[in-house]
Number of protein chains: 2
Amino acid sequence: MTQADTVTRILDSAEQLFAEKGFAETSLRMITTRAKVNLAAVNYHFGSKKDLIQAVFARFLTPFTQKLDKELDAMVATNREPTFQDVLGVLARTMLTGVETHQRYNKLSVFMRLLGLAYTQAQGHLRRFLNENYAKTYGRFIGYLKAAHPTLSSDEIFWRIHFAIGSAVFTMSSLEVLRSMAQADTGHDASVERVMQMLIPFLSAALEQES
Amino acid sequence: MTQADTVTRILDSAEQLFAEKGFAETSLRMITTRAKVNLAAVNYHFGSKKDLIQAVFARFLTPFTQKLDKELDAMVATNREPTFQDVLGVLARTMLTGVETHQRYNKLSVFMRLLGLAYTQAQGHLRRFLNENYAKTYGRFIGYLKAAHPTLSSDEIFWRIHFAIGSAVFTMSSLEVLRSMAQADTGHDASVERVMQMLIPFLSAALEQES
DNA sequence: AGTCGTTTAAAACGATCGTTTGAAAAGAGC
DNA sequence: GCTCTTTTCAAACGATCGTTTTAAACGACT
């Protein structure tokens, strides 16, 4: 039986529990119990709970950002004037590549949920960490969007992007609640796939409108 | 010092701190210190922290829901077939009436932030409380929206509404973070009013598109 | 086998949490 | 005045938190 090592098991448990409950509501004892490691292992391998939080974000954001950077390179290499759709397509492809189809939406849920926590529960240390490590690629992405839509002001682009991120993050963050509400409301069960299929045209219409 | 003063001051402090930090990150000692009352006053007047959380939501949701119910009554009394815009307008008017203009957006921010917490940080007790007390009017509101847009399925309406709620809640929940990001990104400062003025057409376009 | 650096283990640390206690202070009714 | 209820207050409770300590177990190497 090949057992993942202690560091990986801690990261897996922490990621799952953070996405499920948030940072403050998740204790190190919950994490180490689920990971079946000793309590002190967190402080030994990561230093502190704050460092563990940063490590959880780094594990999925660093490869994601690297992939996004390469995809953006490839985009501008073959396309001198990428459209709004082109740039958004690069983002969508980057989020989905490398993840097996059958667990694609679970991974995406965790991704979105953690992203939401970064916005709404971030203390200073996490915000600073994310800004130092990933702001550059993020700014590059926003820059291409602005270039693709010269009739809109920089402000408009920025805020529309974050309105859209808000929809996605909020929806995935409270998917369980919303699903039970939808079940009681319409009587229909909603799969993640179906919700995504409604969300994408919803956001497309909003992002690209002329004002 | 009378009882109402103590109760009100606790509710004010709790509302502000919950909206700012969330439930778990806000201790009773922080609340009572800011409210300048004794620590035991919370348990004496409310029973427990959970009951205090419910009381904070009840204080602004109960009058809001009552107003919304009356506004919906008035709408159907004068308008046999209210449009999508009519129904949304009732919601917007209900959220803004009774609040002085100069503090309108602060109140709205707190409203949205608490709403976001209810979705993303709700333990069972809060979800159950909100469902028992406010689900009826909420269902009525959704019902009128569905009737106004018969070409869309019930599912579509439900999810679009929550996509829109997500944008608004997320934006207001992380307004400070987003503002500092916008400042670093575009160099422009964004007032709440300006953000709202961009958000509303953004959501209108998304909500009303035909698919 | 024996040594040395790394990792795991159990136990305890001080701090902070929500809550409870018991007595003092304040109000209300007569 | 006095009594009885309501409210405030300081102090402490047990529980849980993140973190530290100390020693045992493990692994690689000579």
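Convention: sequence-line order gives letters A, B, ...; per-chain numbering from 1.
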Any salt bridge between [X] and [Y], counting N to O under 4.0 Å?
X	Y	value
A:Arg59	A:Glu15	yes
A:Lys146	B:Asp185	yes
B:Asp12	B:Arg34	no
A:Arg140	A:Asp69	yes
B:Arg160	B:Glu156	yes

key: Side chain of B:His45 (C-beta onward), nearest among C:dT19, D:dG18, D:dT8   =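 Among C:dT19, D:dG18, D:dT8, the one nearest the side chain of B:His45 is D:dT8.
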
query = B:Lys49 has a side chain; which of D:dC9, C:dT19, C:dA10 sits nearest to it?
reply =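 The answer is C:dT19, which lies nearest to the side chain.
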
Report, one pair per line, the protein and nucleotides 20-27 of chain D atoms (nitrogen or oxygen only) whose separation is under 3.5 Å.
none

key: Residues in side chain to side chain contact (heavy atoms under 4.5 Å, CB included) contact with A:Gln103, at least two apart in sequence or another chain   =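 A:Val99, A:Glu100, A:Lys107.
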
query = Is B:Ser48 near enough to C:dG18 that one of its side-chain N or O atoms lies under 4.0 angstrom from OP1 or OP2?
reply =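 No, B:Ser48 has no side-chain N/O under 4.0 Å of OP1/OP2 on C:dG18.
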
inquiry  = Any side-chain N or O of A:Thr6 below 4.0 angstrom from OP1/OP2 of C:dT7?
reply    =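 No.
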
ask   = At what distance, to the nearest 0.5 angstrom, does CH2 of B:Trp159 lie from OG1 of A:Thr186?
value =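 OG1 of A:Thr186 is found 9.0 Å from CH2 of B:Trp159.
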
request  = Residues of residues 12-33 of chain B with any non-hydrogen atom less than 4.0 angstrom from an atom of DNA chain C: list those, numerically ordered, please.
outcome  =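 Per residue number, the list reads B:Thr26, B:Ser27, B:Leu28, B:Arg29.
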
ask   = Is the centre of the A:His162 ring less than 6.0 Å from the centre of the A:Phe158 ring?
value =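 Between A:Phe158 and A:His162, which both carry aromatic rings, the centre distance is below 6.0 Å.
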
